[in-house]
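Below is one structure; the comments refer to it alone.
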Amino acid sequence: MQRLRKNSQTVPWGKGRIVREGQDVVILNFGSVLGRALEVAERLNATVADMRFVKPLDQALIKQVAANHSLIVTLEENAVAGGAGAAVAEFISTENLHNRLLLLGMPDLFIEQASQADQLDQEGLSVDEMCQRIQAHQ
């Protein structure tokens with residue numbers, strides 16, 4: 001039998017959460033790059049949703065943030081091709097939502113060995129570069 005720690009909470013299956021409220025731009029974060037997403041959001045006054053799950057995708061949360069934000073940015077430390085951003089793009093298309101969309105993540109290539117932070121920075125996912133890319137899409 002597995003024991004829960006005293007202060008641990010159960011994460012609702014398939015449900016994301018809003019961790020920062022902002023305006024116009026929402027960053028849907030998938031994975032361990034939440035810290036970077038929050039740094040970007042602070043600079044740009046963006047909303048951040050920690051999606052926590054790709055499958056099942058929290059469609060209700062995406063609809064909720066789409067209603068109040070013109071630009072939806074997905075952020076993942078995975079390859080964008082076939083990843084979380086692609087799933088969000090498919091959902092937005094199927095639901096006929098009219099938000100602009102920017103998918104940020106890794107290329108579908110072999111990436112040289114380095115620390116996680118160095119790999120993210122080398123592939124354009126530094127806080128500064130993400131801010132520039134988002135601002136170019138606003």
Side-chain angles (χ1 to χ4, degrees):
M1 183 168 139
Q2 193 176 42
R3 294 182 139 188
L4 293 177
R5 286 185 250 157
K6 259 187 179 179
N7 297 328
S8 68
Q9 295 178 348
T10 303
V11 175
W13 181 255
K15 296 294 177 194
R17 62 192 174 119
I18 301 291
V19 293
R20 184 187 191 285
E21 293 280 353
Q23 297 178 358
D24 193 41
V25 175
V26 59
I27 301 170
L28 305 181
N29 179 77
F30 293 89
S32 67
V33 286
L34 181 60
R36 287 179 184 230
L38 288 168
E39 284 184 61
V40 169
E42 283 295 322
R43 291 189 191 181
L44 303 179
N45 190 25
T47 296
V48 175
D50 182 12
M51 297 302 290
R52 301 192 286 198
F53 294 88
V54 178
K55 287 188 176 188
L57 191 60
D58 190 344
Q59 297 174 347
L61 182 56
I62 294 171
K63 282 184 178 179
Q64 174 190 330
V65 296
N68 302 314
H69 299 85
S70 62
L71 176 61
I72 298 173
V73 177
T74 64
L75 175 58
E76 60 190 302
E77 60 193 330
N78 183 42
V80 172
V88 171
E90 181 181 338
F91 175 72
I92 287 172
S93 174
T94 332
E95 292 296 313
N96 202 26
L97 301 175
H98 298 287
N99 306 76
R100 289 187 318 279
L101 185 62
L102 174 62
L103 309 180
L104 299 177
M106 303 299 275
D108 193 14
L109 303 168
F110 177 79
I111 297 173
E112 293 295 324
Q113 176 125 3
S115 71
Q116 180 189 27
D118 287 344
Q119 287 178 336
L120 292 169
D121 290 348
Q122 289 168 11
E123 298 305 326
L125 297 177
S126 69
V127 171
D128 288 338
E129 278 194 68
M130 286 191 289
C131 285
Q132 291 169 8
R133 292 171 71 185
I134 290 169
Q135 287 173 322
H137 276 79
Q138 286 184 294

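Atom set for the values below is all heavy atoms of this structure, side chains included, hydrogens, waters and symmetry mates excluded. Every value quoted in this text rests on a predicted model; they were computed, and no experiment measured them.
A distance of 9.5 Å separates CG in Leu75 from CG in Leu28, rounded to the nearest 0.5 Å. One distance of note links CG of Asp50 with CZ of Arg17; it measures 4.5 Å at 0.5 Å rounding. Distance check, rounded to the nearest 0.5 Å: CZ of Arg36 to CG of Leu38 gives 12.5 Å. Interatomic distance, CG of Leu103 versus CZ of Arg133, reported as 9.5 Å (0.5 Å rounding). For the atom pair Leu101 CG and Phe91 CZ, the distance stands at 12.5 Å (nearest 0.5 Å). Here Glu77 contributes atom CD and Asn29 contributes atom CG; the two are 8.5 Å apart, rounded to the nearest 0.5 Å.
The two residues Ile27 and Ala37 have their closest heavy-atom pair at CD1-O, 3.8 Å. Considering every non-hydrogen atom in both Ile72 and Ala66, the closest pair reads CD1-CB, 3.9 Å. Of all non-hydrogen atoms in Pro56 and Gly14, the two that sit nearest each other are CG-CA, 3.6 Å. Of all heavy-atom pairs between Pro12 and Phe53, the closest is O-CE1, 3.5 Å. Nearest heavy-atom pair across Ala49 and Ile18 is CB-CD1, 4.0 Å.
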Practice item. Please lay out, stage by stage, how Ile62 and Met51 fare under the test side chain to side chain contact (heavy atoms under 4.5 Å, CB included). Key: CA-CA 9 Å; Ile62 294 171; Met51 297 302 290; 3.8 Å; yes

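With contacts defined as side-chain heavy-atom distances shorter than 4.5 Å, the pair Lys15/Leu61 does not qualify. Using a 4.5 Å heavy-atom cutoff, the side chains of Asp24 and His69 are not in contact.
Hydrophobic clustering of Ile, Leu, Val, Met, Phe, Trp and Tyr side chains at less than 4.5 Å, counting indirect connections, unites Leu125 with Val73. Put simply, Ile134 and Phe30 are part of two different groups of oily side chains (I, L, V, M, F, W, Y) that touch within less than 4.5 Å, one to the next. Follow the hydrophobic side-chain contacts under 4.5 Å out from Leu44 and you reach Val33 in the same cluster. With hydrophobic clusters built from ILVMFWY side chains whose heavy atoms lie under 4.5 angstrom apart, Leu104 does not share a cluster with Leu57. Placement of Val26 and Val88 within a single hydrophobic cluster is found when ILVMFWY residues are connected by side-chain heavy-atom separations under 4.5 Å, directly or transitively.
Under a 3.5 Å cut-off, the side chain of Thr47 and the backbone N or O of Glu21 do not form any donor-acceptor pair. Checking side-chain atoms of Gln138 against main-chain N and O of Leu71 turns up no donor-acceptor pair under 3.5 Å. At least one donor-acceptor pair under 3.5 Å links the side chain of Glu76 to the backbone N or O of Ala84.
Atom CD of Glu95 has more than 12 neighbouring heavy atoms from other residues, nucleotides or ligands inside a 6.0 Å radius.
The salt bridge (Lys or Arg N to Asp or Glu O under 4.0 Å) analysis of residues 40-49, with sequence neighbours excluded, yields the pairs Arg20-Glu42, Arg43-Asp128.
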